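Keep in mind it's a predicted model, so treat the numbers as computed, not measured. Throughout, protein chains are lettered first and strands after them, A, B, ... in sequence-line order, and every chain is numbered starting at 1.
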2 protein chains.
Amino acid sequence: MFIVLSPNSGVPVYRQLIEQIRLQVTGGQLAPGDEMPSTRNLSAQLGVNPMTVSKAYTQLEREGVLERRPGRSLVVGTLAPAETRTKKLEQVRESLATAVTTIRQLDVPTDEAVAMLRKMLDSHAKEK
Amino acid sequence: MFIVLSPNSGVPVYRQLIEQIRLQVTGGQLAPGDEMPSTRNLSAQLGVNPMTVSKAYTQLEREGVLERRPGRSLVVGTLAPAETRTKKLEQVRESLATAVTTIRQLDVPTDEAVAMLRKMLDSHAKEK
DNA sequence: ATTACTGTATTATGAAACCAATACAGTTCG
DNA sequence: CGAACTGTATTGGTTTCATAATACAGTAAT
């Protein structure tokens, strides 16, 4: 699982967790049956309170995205939305659409915007 | 000026105002010298408290985006062209950052994501 | 049975966001 | 000069978010 928190985005941490976990389940990166990191582990890793992680997990459990097994780690549910390549690309398209609106509104040339995206993707890849 | 609030986004209202006003100034939709709607008018229009609007205006004034004239409406400030370009690229980068997180979390290859962005930008250009 | 893990409940605290109401200080116009 | 506009300061309140600490109830392994 791969989580990136944006402290300055203004979006509550627990919501960022919900959105990113939901995304990776929908995109197939997390498959039914996969175990989630424990609330203690993930909170330590992200530098947040375990109850904040638990809040996100609880909401995802209500949605059926995660399944609870008392005494054991939560797992990705079988009722989780079905992964398809079409859905995956659609979610990427949606996130790019917001950027497209900004790029056009600011009259940034296509080549420049595209170069910026490539650079950002490459630089993060190197960070790993 | 055109403001749309997303109550469910989790982003505080005052921040949505800041971001949208900043975007329209950078994009030229709001030109230096343009008068802003009064805090009372805009708050009535959006259904929020005048102090919430004022909070956004105050932050934008600190950034130099707006200029204060006691007893009169705030106006769009005059930024140096170089500063405008810097802010433009920064805003594009911010909007792309969200897409970058999504792309990486869904393991979409860089080339595919970049091609998608180019296609979206080109197809919209044709729509014009 | 004990240890080590799992998640959640509960209580308390503090910060942030938003609201409401009132008041203040400014400019402009008739 | 007064009315009508401008933005902000202040005080007090509510809700949301996040944290901290402790405790509880579960499973699995030894």
Chemist: Between A/V75 and A/L66, is there a side-chain heavy-atom distance shorter than 4.5 Å?
Modeler: no
Chemist: Starting at CG of A/L42 and ending at C1' of C/dC5, how long is that distance when rounded to a whole Å?
Modeler: 16 Å
Chemist: Could you check if a side-chain atom of A/E112 sits within less than 4.5 angstrom of a side-chain atom of B/L89, using non-hydrogen atoms only?
Modeler: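 Of all side-chain heavy-atom pairs linking B/L89 with A/E112, at least one is under 4.5 Å.
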Chemist: For the side chain of A/M51, counting heavy atoms from C-beta on, which of D/dT8, D/dA18, C/dT10 is nearest?
Modeler: C/dT10
Chemist: Phosphate oxygens OP1/OP2 of D/dT6: is one of them under 4.0 Å from a side-chain N or O of B/S73?
Modeler: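 No, no such contact exists.
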Chemist: So do the side chains of A/Q29 and B/Q105 get within less than 4.5 Å of each other, counting heavy atoms only?
Modeler: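 No - every pair of side-chain heavy atoms lies 4.5 Å or more apart.
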Chemist: Treat each ILVMFWY residue as a node, draw an edge where side-chain heavy atoms are under 4.5 Å apart, and state whether B/M116 and A/I103 are in one component.
Modeler: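 Yes, because B/M116 and A/I103 connect within a single hydrophobic cluster, where side-chain heavy atoms sit under 4.5 Å apart.
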Chemist: Would you say D/dC17 has OP1 or OP2 under 4.0 Å from some side-chain N or O of A/Y14?
Modeler: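 Affirmative; the distance criterion is met.
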Chemist: Decide if atom CZ of A/R69 counts as having more than 12 heavy atoms of other residues, nucleotides or ligands within a radius under 6.0 Å.
Modeler: yes
Chemist: Between B/Q16 (CD) and C/dC18 (C1'), how many Å, whole number?
Modeler: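 Result: 13 Å.
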Chemist: Give a yes/no answer on whether the side chain of B/N49 brings an N or O atom under 4.0 Å of OP1 or OP2 in C/dA20.
Modeler: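 Yes, such a contact exists.
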Chemist: Calculate the interatomic distance between B/N41 atom CG and D/dA4 atom P; express it in whole Å.
Modeler: 16 Å
Chemist: Round to the nearest Å and state the distance from B/E67 atom CD to D/dT6 atom P.
Modeler: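 Going from B/E67 (CD) to D/dT6 (P), I get 19 Å.
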Chemist: Over all strands shown, is A/P7 touching base, sugar-phosphate only, or nothing at heavy-atom distances under 4.0 angstrom?
Modeler: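 It contacts nothing in the nucleic acid.
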Chemist: Return the nearest nucleotide to the side chain of A/R72; candidates are D/dT27, C/dT6, C/dT8.
Modeler: D/dT27
Chemist: With respect to the phosphate group of C/dT8, does any side-chain polar atom (N or O) of A/S54 fall under 4.0 Å of OP1 or OP2?
Modeler: yes
Chemist: Can you see if the side chain of B/T52 gets near the phosphate of C/dA17 - specifically, an N or O under 4.0 Å from OP1 or OP2?
Modeler: no
Chemist: What integer distance in Å separates A/L66:CG from C/dT8:C1'?
Modeler: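 Result: 15 Å.
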Chemist: Residues from residues 55-63 of chain A sitting under 4.0 Å of DNA chain D, heavy atoms only?
Modeler: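 Residues of residues 55-63 of chain A under 4.0 Å from DNA chain D: A/K55.
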Chemist: Rounded to the nearest Å, what distance is computed from the CG atom of residue B/N8 to the P atom of nucleotide D/dT16?
Modeler: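 In whole Å, D/dT16 P lies 13 Å from B/N8 CG.
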Chemist: Indicate yes or no: at least one non-hydrogen side-chain atom of A/E35 is less than 4.5 angstrom from one of A/L74.
Modeler: no
Chemist: Does any N or O in the side chain of A/Q20 come within less than 3.5 Å of the main-chain N or O of A/V4, such that one atom is a donor and the other an acceptor?
Modeler: yes
Chemist: Send over the distance from A/E35 CD to C/dT6 C1', rounded to a whole Å.
Modeler: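 Taking CD of A/E35 and C1' of C/dT6, I get 10 Å after rounding.
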Chemist: Whole angstroms only, please: what is the CG-C1' distance between B/L17 and C/dC19?
Modeler: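 In whole Å, C/dC19 C1' and B/L17 CG are 15 Å from each other.
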Chemist: Map A/R69 and A/G47 onto DNA chain D by nearest heavy atom, then report which one ends up closer to the 5' terminus.
Modeler: A/G47
Chemist: Under 4.0 Å between a Lys/Arg side-chain N and an Asp/Glu carboxylate O for A/D107 and B/K88?
Modeler: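 Looking at A/D107 and B/K88, the cut-off is not met.
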Chemist: Any donor-acceptor pair, under 3.5 Å, between the side chain of A/R40 and the base of C/dG7, if you only look at N and O atoms?
Modeler: yes
